[in-house]
Amino acid sequence: MIEYRSDTFTKPTPGMLQTMFQTQVGDDVFNEDPSVNTLQSMLAQKFGMEAGLFCPSGTMTNQIAIRCHTEPGGEVICDKMSHVYIYEGGGIAFNSLCQVKPIEGDRGRIKAPQVTDAINPNDIHKAKTQLVSLENTANRGGGSCYHFPDIQEIKEVCLENKLKLHLDGARLFNAIVAKDENPKDYGNIFDSISICLSKGLGAPVGSVLLGTNNFIEKARRVRKVFGGGMRQAGYMAAAGIYALENNIDRLALDHRHAKEIAQALLKKEFVGEMMPVETNIIIFQVKGNYTAKTLTEEFKKQDILVTAISPSQIRMVLHLDVTKEMVEETIKVIEGL
Ligand SMILES: *Cc1c(COP(=O)(O)O)cnc(C)c1O
């Protein structure tokens, strides 16, 4: 089977497993796991931020950040297709007692004037606007990347209005590699950043939340309350360290593979509109003889797994377990359909 359902399906490579077995561990709830501490400071340094916090998932890092940046009754501004809004089980309401002002962005990306318009006036009838949350790359935008100056403009609006700015950077390294950016520019702008190690970077588990020392101290308390305090988590952190050392630059290969498959798809009658392929995600409309469901089944018969994300849309995600040979095989299958 060739797996395109998600970049979360990657399995640890022998090199990663060996690193995990050999790593030093301790009780991380007592701050005594050397591997966790190394991973946290490694990522904090990369982004020029003060501190990091290793958590079991990206949902948890996002939810902790939102909890720390807001007070009950507040409002969070984000794109209407944001993971924090549509894929975290209503967590903003459940965990932070806040509501969302969803914005219609361009492939998951919002702009400064939209943020300005979405801020509530200081009026007791209105929820107090407290936080802006961005996503880069944007999952439902087909792996779209923010234009960095747009983020800088949003930051200006946040500063003028005393709003915090969070980045759901589940796939931030995909954007950084695709656009040849400097991680420190992100660290400079955002109050908090969440990074997933368990997607295209290939680690089995884990995300890291980055911020100031004060913020991370608060986040550590919230992580404990959420049940995310782990003990010898260093085995997992070691996989994350290995991922950061070995699997960032190769994301460019996933992006190239995605473009090659996209080109083959675009020649087919049954492929309608496709979102621009900027990173490792392909999202396209299915038309003609197939529906998203029947095309997914057809692919499956030929040992290729894709996801129907709506009755008319298919998503394919590239990652490090998809080799050049598998991409060539996929293109052959597409040509034969
Ligand atoms: C995957 C993902 C997350 C976090 O997901 P978990 O499964 O909880 O680790 C957050 N944001 C985006 C955009 C994602 O794609």
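When a ligand or atom number is given, it counts from 1 through the structure's own listing order.
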query: Does the side-chain contact (heavy atoms from CB on, under 4.5 Å) test come out yes or no for Ile309 and Ile314, once each step is laid out?
result: CA-CA 6 Å; Ile309 57 167; Ile314 283 190; over 6 Å; no

- request: Determine, stepwise, if the pair Lys301 / Glu298 fulfils salt bridge (charged side-chain N to carboxylate O under 4.0 Å, His left out).
  value: CA-CA 5 Å; Lys301 277 188 212 150; Glu298 190 58 39; 3.6 Å; yes

Within 6.0 Å of CD in Gln152, more than 12 heavy atoms from elsewhere: yes

Test salt bridge (charged side-chain N to carboxylate O under 4.0 Å, His left out) applied to Asp123 and Lys128, step by step: CA-CA 8 Å; Asp123 171 342; Lys128 202 170 170 196; over 6 Å; no

What does the N/O contact table under 3.5 Å look like for ligand 1?
unit_1, atom_1, unit_2, atom_2, d
ligand 1, 8 (O), Gly58, N, 3.4
ligand 1, 8 (O), Thr59, N, 2.8
ligand 1, 8 (O), Thr59, OG1, 2.6
ligand 1, 9 (O), Gly58, N, 2.8
ligand 1, 11 (N), Asp168, OD1, 3.1
ligand 1, 11 (N), Asp168, OD2, 2.6
ligand 1, 15 (O), Arg171, NH1, 3.0
ligand 1, 15 (O), Lys199, NZ, 2.7

query: Are Lys155 and Glu153 close enough for a salt bridge, meaning some N to O gap below 4.0 Å?
result: no

query: Quick one: do the Gln232 and Asp33 side chains pair a donor with an acceptor below 3.5 Å?
result: no

